[in-house]
Amino acid sequence: MMEKRQSNGQYHLGDLTFRVRKVGSTAWVNGDTSTARRTVTAVSTSGTTLAAANLSPTLPSSSLLNITRRWVVQDDVLQLLFDVTNSQNTAVEIGALGIPLEFNNIFTDRTAAETNTLCSLFDPYIGQDAGYVQVTPLLGTLPPLVVLPVGNSPLEGWRFLPESTSADPFYQSQTFEGLYEWQFHTLAYAQQEWAAVTPWNAATSTILQAGQTRTYGVQFRLAPSIRDIEGTVRSANRPVAVGIPGYILPMDQTGKLFLNYSNDVRSINVSPTGALTWSVNTEAKTGRWVGYSITPHTMTVGNLGNFLTTSQWFNSTTDPFLRSPSVISYDREVNAVVKDDPRAWIPGLSDEAGAGSWLAATMKQYVQPNAAEVAKLEQFATKILWGSIQNEDGTVKKSVYFYQPTLLPSYPYPTTIFWGNWWSWNRAASFATDRAYDYVHVAAAYWALYRVAPVFTISTMTGNRAGFANDGLMGETMIRFLLDDLRREGLTANATLVENRMRARENVWAGERFPFGSEMAWDSTGQEGVYAWATYFNDSQTATNALNSILAYQPLIPHWGYNGNARRYWDNIYGGKLQRIERQIHHYGSGLNALPLISAFEASPTDYYLLRVGYGGISGPLSNIDQGGFASASFHSFADTLKWDGYSGDYGPNFSGHSMGIGTFIVNHPDFGWQAFGGNVISTSPAVEVQIRDSVRRRVYVAPLGTLLSVDAGAFSLISYDPSAQTVTVTITAVPDGAKAAASAPHGRLVIEQKAALRGVTLLKPTTHLSFTAGAYNIPFTSGSGTVTLSM
C-alpha cells in the first residue's frame, strides 16, 4: 500500500506543517515538509536519541525556522520530537504548528479479513495539555496505541489534511477516510479558514525570540486493551476525566464529573457564562479522584415530536408522487421542507435519508405518545406508508420521488439542480424494492404505532425479495423487541415465523468471522443486528466478535461530540446538505451501535466501560435536536465548519436507537459509589433513591440485581432500592414528569426482566396482588400515579 503513497503532498508520520511570520508582519509564511520532498540532513545522535535530521532541505527557504526532527526512546517510551528554532535576527510568531498523524485506516482493495486484522481507526480528545489520540485496531481485541503530548505540546486543534483524491488508494473516500493533524497552535487558521466558526479551544500562537528554540512532540504508548486507555493516560501522569452519565445532559438531570490528576484543580470555567454551575462532591471512593456535581441551566432539547408533525408535515393536494400527508425531510438553513433534491430518496420518503423524519416521528410516539401527533401519523400510515411507500404485496420502494420529466411534464423540477448523477433515479429505479434496509424502517413505524402489524413486512423482507436481507440491518433491534411482544400477546404463529426467519440469517453469520457486510466496503451498521440475534440464539462467539468490533469504532472520550460517537464518515454524501467525506459527530451510528453495548452491560452489570460508552452513544441523538425541535442528521467535525448539517436527513435511525436503549441505570461504582446514569441520586441510606430523569423514562436497570424494569404505559418517576432488604419500590406516573403534552396513561403496565444471572438473585415480583396481562403487571393510578414494591 505504501508504494501508492510516495508522492509529494501525501502526509506521513514525521512530517510537520506550520505558519509563521515575523513579529509586526501580517502575512503568514507556510511551511509543509510534504509539499516538495528532498533528502533531509542526518544529525549525529547519542544517548536516548535513535535518529535525528535537520528538515531544512525539504522546507521553503522562506520558512524563517530551523527545525530538527528527533526520534527518542525515553524510559522505554517512543517519542517524536521537533526542535523549532527561530533562525532570524528578529522575533517570529508561530501561528500554526502541527504533526500529521498517519495510521492504517486504508480499506481500499482489502477483504473483510484484511481490513479487520490490518486496519485501525483513530480519534482525538482535543483537550489541550490533557489531549490525546487513541488508535484502535478494528478487531477490538488488539492493544490500542495512545498518542500523548511530550512537555508543553497541547492538542489545541485537530485538522483534516487535504490530499489529492483522484488516485488509488482514493484518499477521502468511503474506503479511505483520510488523515488528521495534531495542532499545537491554531491562530493562523482561526484568522483565515476558520474565521467563521468558534473552535473547540481558544486559538493561540507563540513568539520565539531570535535564536530561541522550543521543542514540541508526542509520545506513543501501548495500552493493554481498549478498556485500559484511560489507565494508560493516567500512567503517563496526564489528567483523566470521567463524566456521569456522560457529556450530554437533559436540563433536569444533575451530571457528575470526576477528575484524576497529580495536581489539584485550581479553577473551573464554563462557556457560555452561566450555562452550568458546579459544586464539589465527596462521592469519589478511591485514588486521587475529585468529584463535581454539574447542573445545566438552559433548555437544550425542544419538542421533537411537535416539530416533526408541524413544520415537517407535508400536506399537498397536488403532489404527484403520493407523499401527502407525511413527515418529510427538512432544510433548517432555509426553514422549509425538502420537496426536491437530486438524491431521489431524500424527498422520496425512503432510504435512511428520506424515511428518517417519519421514522423519528413514529418512534417518538413509542416512547412518549401525543394524541394529536398520533392522529396525524395514523393518516400517514394508512394513506402513504401503506399503498405508496409500501406496496400491497409487502415490498417497499426505494423512493416514491423520481426524476423523469417525460412522465411528469407539468412538475416544476428545479432547473438549478443538476439531474445528471446516478442518484437522480427515474421511476423504475425509484420503485425498485430490492433494498432490505428500507423494510426495517417501515416495520419500525408499524411497530411503534400498532405494536404487532409489522410481521407482514418482515416476512416479505426475508422472503428472498430484498437485497442485503442477510446482512445485519440498522435498527433491527426493533424486530427483537417485536418478537418479545408477539410472544407476550400469545401470537405464536407470528412469533414462530419471525424467529425462524431470524434463525436462518443468524446461521449464516455463525459461519463467518466478519459477518458485518453492507452496501459499503466497510461499515458500522451490521453489528447491531448481528449482536441482537447472535445473543438471542446463544451464539456467544459471534456476539462477542460483534461487540469487540463496536468497541473498536465507538470511543470513550471526555468530549460531548466524540464520546460514544460510532465511526461514520460518508453518509453526508447521501443524506446531508453539505456533502463531503468527513468524520461525522453523532450520526445514527451512535444511537444504533449503543444498543449492543447497553444490552451487554445488562448481562454483565459490573462492566462499567460498556455502560459508559453505551450511554454516551445512546445519549448522542439528543444533541442533534435544536431548541425549536428540529433534528439534524449529524454535526460537521471539520475545524472550518463545526456546525450541525442543515438537513434532517437520516436522523430517524439515530432516534430509533435512542428510544429503544435510553433509560436510567443505577450502579454502585467501585470508584464513585452510587450513581444513576439517567437519573438523580437523592439519597443513599438506608435506601438508594433515584429520580428518573432520562428523556424517555420507560426503562430502569438496577445493576446490583441485574433487573430491568420497563413500562408499556406510564412513566417512571422515582425508584427506591434497599440493598439490605433486596427490595425495589417503584413510582409510576400517568405522564412523564414535566411532559405536559404527552398522552396520559389510564394505568401503568410494568414489565420485569432478569437480564443477568447473579448469585442469590431471583426475579422480582410485586409484594401485593396485581393483575397480569400480556407479560406486564397492571399498576392502578390514584391522582395520576401508582406505587408498587417488588421483592424476590
Side-chain angles (χ1 to χ4, degrees), residues 104-121 136-142 173-177 226 352 435-437 439-440 461-462 466-480 502-537 539-555 564-571 574 584 587-600 610 613-614 617 650 653-654 656-657:
N104 186 2
N105 62 347
I106 305 174
F107 309 153
T108 308
D109 295 328
R110 285 182 162 142
T111 64
E114 290 169 338
T115 296
N116 281 278
T117 55
L118 298 176
C119 298
S120 300
L121 296 171
T136 52
L138 282 178
L139 276 180
T141 57
L142 299 176
S173 71
Q174 199 278 324
T175 58
F176 185 8
E177 176 185 345
I226 290 174
E352 290 71 63
R435 188 173 185 269
Y437 300 94
Y439 290 70
V440 177
M461 176 189 78
T462 56
F468 309 103
N470 281 334
D471 290 334
L473 304 174
M474 60 200 77
E476 70 167 290
T477 297
M478 173 276 307
I479 305 175
R480 174 69 184 83
M502 297 304 113
R503 179 183 286 109
R505 298 168 71 223
E506 205 287 322
N507 286 341
V508 174
W509 302 335
E512 300 175 354
R513 175 59 182 88
F514 304 105
F516 314 127
S518 84
E519 301 162 296
M520 302 297 176
W522 176 87
D523 213 336
S524 56
T525 56
Q527 287 83 345
E528 172 220 342
V530 169
Y531 178 86
W533 295 114
T535 302
Y536 181 81
F537 292 112
D539 180 0
S540 60
Q541 186 60 62
T542 301
T544 298
N545 291 342
L547 193 69
N548 287 333
S549 176
I550 294 170
L551 291 175
Y553 60 70
Q554 192 149 7
N565 180 30
R567 199 68 170 208
R568 310 291 302 170
Y569 56 86
W570 60 87
D571 295 271
Y574 306 103
Q584 296 168 275
H587 186 255
Y588 63 63
S590 294
L592 293 179
N593 282 285
L595 293 173
L597 301 178
I598 292 294
S599 174
L610 292 174
V613 181
D650 44 12
N654 208 8
S656 180

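All residue numbers refer to positions in the sequence shown, counting from 1. Computed from a prediction, not measured in an experiment: that's the story for all the values here. What's counted below: heavy atoms across the whole structure, side chains too, no hydrogens, waters or symmetry copies.
Considering all non-hydrogen atoms of both residues, W533 and E476 come closest at NE1-OE1, 2.7 Å. What you find for Q584 and Y569 is that their closest heavy atoms are OE1-N, 3.4 Å. The two residues L595 and G657 have their closest heavy-atom pair at CD2-O, 3.4 Å. Of all the heavy atoms in A534 and A543, the pair that sits closest is CB-N, 3.7 Å. In terms of heavy-atom proximity, A594 sits nearest to G617 at CB-C, 3.8 Å. Closest heavy-atom contact between Q527 and S549: NE2-OG, 3.1 Å.
Atom CG in D523 sits 6.5 Å away from atom CE in M474 (nearest 0.5 Å). Here F107 contributes atom CZ and L138 contributes atom CG; the two are 5.0 Å apart, rounded to the nearest 0.5 Å. Taking NE2 of H587 as the start and CD of E352 as the end, the distance is 8.0 Å to the nearest 0.5 Å. Going from atom CD1 of I226 over to atom CD1 of I550 covers 11.5 Å, rounded to the nearest 0.5 Å. Of the inter-residue distances, the one linking Y588 atom OH with T525 atom OG1 reads 6.0 Å to the nearest 0.5 angstrom. In this structure, the separation between CG on L547 and OG on S599 is 9.0 Å, given to the nearest 0.5 Å.
With N593 contributing its side chain and S524 its backbone, the two residues share a donor-acceptor pair below 3.5 Å. The main-chain N or O of A521 is found under 3.5 Å from a side-chain atom of Q174 such that the two form a donor-acceptor pair. A donor-acceptor contact shorter than 3.5 Å links the side chain of E528 to the backbone of G475.
With sequence neighbours excluded, the residues that form a side-chain contact (heavy atoms from CB on, under 4.5 Å) with R110 are M1, N104, I106, E114, T115, L118, C119. Applying the salt bridge (Lys or Arg N to Asp or Glu O under 4.0 Å) criterion to R513, with sequence neighbours excluded, gives no partner residue. Residues satisfying the side-chain contact (heavy atoms from CB on, under 4.5 Å) criterion with N548, sequence neighbours excluded, are T141, T544, L551.
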**OP:** Start with the C-alpha distance between W509 and F537, add both sets of side-chain angles, then the distance that settles ring pair (Phe, Tyr, Trp, His ring centres under 6.0 Å), and finish with yes or no.
**Re:** CA-CA 11 Å; W509 302 335; F537 292 112; 9.3 Å; no

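In this structure, T535 and R480 have side chains that are not in contact, with every pair of non-hydrogen atoms separated by 4.5 Å or more. A heavy-atom distance below 4.5 Å is found between the side chains of W570 and R568. Within the 4.5 Å cutoff, the side chain of Y574 has no heavy atoms near those of the E519 side chain. In this structure, the side chains of T117 and F514 come closer than 4.5 Å at one or more pairs of heavy atoms.
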